[in-house]
Amino acid sequence: MPARRAAAPRQYRLAGVRIPDREFANVPTDSEKGFPLLRLTRETCTLGDLVVDGATMGRIENLVSENRQSRRLRSYGLAPKQRVLLCGPPGTGKTMTARALSNALGVPMAHVLFDTVVSSFLGQTSANIRKIFEFLEGGMYVALFDEFDIVGKRRDDEQEHGEIKRVVNNFMQMVDAYEGESVMIAATNHERLLDGALWRRFDEIIVYGLPDERARDLLFTKYLAVLRKSGGVDIASLVGSTEGYSAADIAQVCENALRMAVLRGNPRVGQADLSWALGEQERRRSIMRGAADGKQP
């Protein structure tokens, strides 16, 4: 099936509108310093903003349909899929999917703040996670546990200490006992690090991959729509030059090219702008690959 075309060209990196704290005074906080464990937003990106293959879009649309009609399902003794694992390389649309689900369901997005959740004090991390689950049971949210491998690491990893193993055990117990209506989205770039028992706790697992040629064509068309293209822009050559790029990589290429055109006062983005932006993105990717291999930039 073909990838879906996205509208609204500038929404890929949109983070949502922050909900004023006074509207959600009961957001849980950590006991150590009183910092919030969640950040609530109203999301504006839509399912139409996603550029994914047809099978993936079908699974996402099913999640929306099931949770919109949860009462109907429950009347038959069935439950909607509420525990979802999104995995795959960085920049392939996992976080954006959670934001689009929040918008489609018309409920706030609850971003779990792991920098606050994870504590150096014995037992405090599990206590913070318990507060989050209690909060989610009190309303309807789409909760994003981004970089989920932070608290979902394999318990047989000899490099991990006992506290992490207790956190994983407690997390699984809380997932099993959860009875709320919120949708929990766990996202990770490192699914191989996850404990095997966690996989069985998810109702749906969606694997994201790097965009194919058709998807890259849609992405370039989408992001370059902000400005008119000069006659020399060859989308096909851009698609051919970006094999192995993520959707986020392509968004950065287009944004850099658009900035170059705007700053020189040209209402059209040209091939020279895009060639420069591609070179800059390849330099950035090279630095990141070196850093991952432990090499000095």
Measuring only between side-chain heavy atoms, which start at C-beta, is [X] closer than 4.5 Å to [Y]?
| X | Y | result |
| --- | --- | --- |
| Pro28 | Leu38 | yes |
| Leu219 | Thr242 | no |
| Val117 | Asp30 | no |
| His111 | Arg99 | yes |
| Tyr223 | Leu258 | no |

Cluster link [X] to [Y], ILVMFWY, side chain under 4.5 Å:
| X | Y | result |
| --- | --- | --- |
| Met260 | Ile250 | no |
| Trp276 | Leu238 | no |
| Ile60 | Leu210 | no |
| Leu73 | Val183 | no |

### Message
Under the criterion side chain to side chain contact (heavy atoms under 4.5 Å, CB included), I'd like the reasoning laid out for Leu113 against Phe35: C-alpha separation, chi angles, the key distance, then a yes or no.
### Response
CA-CA 10 Å; Leu113 304 175; Phe35 291 152; over 6 Å; no
Using the test side chain to side chain donor-acceptor pair (under 3.5 Å), find all partners of [X] that sit at least two apart in sequence or belong to another chain.
| X | answer |
| --- | --- |
| Arg72 | Gln69 |
| Ser237 | none |
| Glu204 | Lys81 |

### Audit row: Asp203, Leu63, side chain to side chain contact (heavy atoms under 4.5 Å, CB included) steps and yes/no
CA-CA 10 Å; Asp203 307 315; Leu63 288 172; over 6 Å; no
### Query
Which pairs count as ring-ring contact (aromatic ring centres under 6.0 Å, His included) when at least one residue sits in residues 65-96, sequence neighbours excluded?
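For residues 65-96: none.
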### Task
Applying side chain to side chain contact (heavy atoms under 4.5 Å, CB included), run through Leu101 and Val64 and close with a yes or a no.
CA-CA 7 Å; Leu101 283 171; Val64 173; 3.4 Å; yes
### Intermediate values then yes/no, side-chain hydrogen bond (donor to acceptor under 3.5 Å, both in side chains), Asn128 and Gln124
CA-CA 6 Å; Asn128 287 338; Gln124 189 59 51; 3.1 Å; yes
Does any N or O in the side chain of [X] come within less than 3.5 Å of the main-chain N or O of [Y], such that one atom is a donor and the other an acceptor?
| X | Y | value |
| --- | --- | --- |
| Gln82 | Gly180 | yes |
| Ser102 | Val107 | yes |
| Gln271 | Asp234 | yes |
| Arg216 | Pro211 | yes |

For [X], check salt bridge (Lys or Arg N to Asp or Glu O under 4.0 Å) against everything at least two apart and list the hits.
| X | answer |
| --- | --- |
| Arg264 | Asp273 |
| Arg285 | Asp249, Glu282 |
| Arg200 | none |
| Glu280 | Arg283 |

### ring pair (Phe, Tyr, Trp, His ring centres under 6.0 Å) involving Phe145 - partner list, sequence neighbours excluded
Phe171
### Query
Taking only residues at least two apart or on different chains, which pairs with a member in residues 176-190 satisfy side chain to side chain donor-acceptor pair (under 3.5 Å)?
Lys94-Asn189, Asp149-Thr188, Asp176-Arg201
#### Entry: Of all pairs that satisfy salt bridge (Lys or Arg N to Asp or Glu O under 4.0 Å), the ones with a partner from residues 102-112, not counting sequence neighbours
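Applying salt bridge (Lys or Arg N to Asp or Glu O under 4.0 Å) to every pair that reaches into residues 102-112, excluding sequence neighbours, yields nothing.
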### Query
Which pairs pass salt bridge (Lys or Arg N to Asp or Glu O under 4.0 Å) with one or both residues in residues 128-138, sequence neighbours excluded?
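The answer is none; no pair qualifies.
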### Message
Pair Arg259, Asn256 - check side-chain hydrogen bond (donor to acceptor under 3.5 Å, both in side chains), show working.
### Response
CA-CA 5 Å; Arg259 289 190 190 98; Asn256 282 333; 2.8 Å; yes
### Task
Please report the C-alpha distance between Met109 and Leu144 in whole Å, then the side-chain angles of each, then the deciding distance to 0.1 Å, and finally whether the side chain to side chain contact (heavy atoms under 4.5 Å, CB included) criterion is met.
CA-CA 7 Å; Met109 177 92 164; Leu144 175 61; 3.5 Å; yes
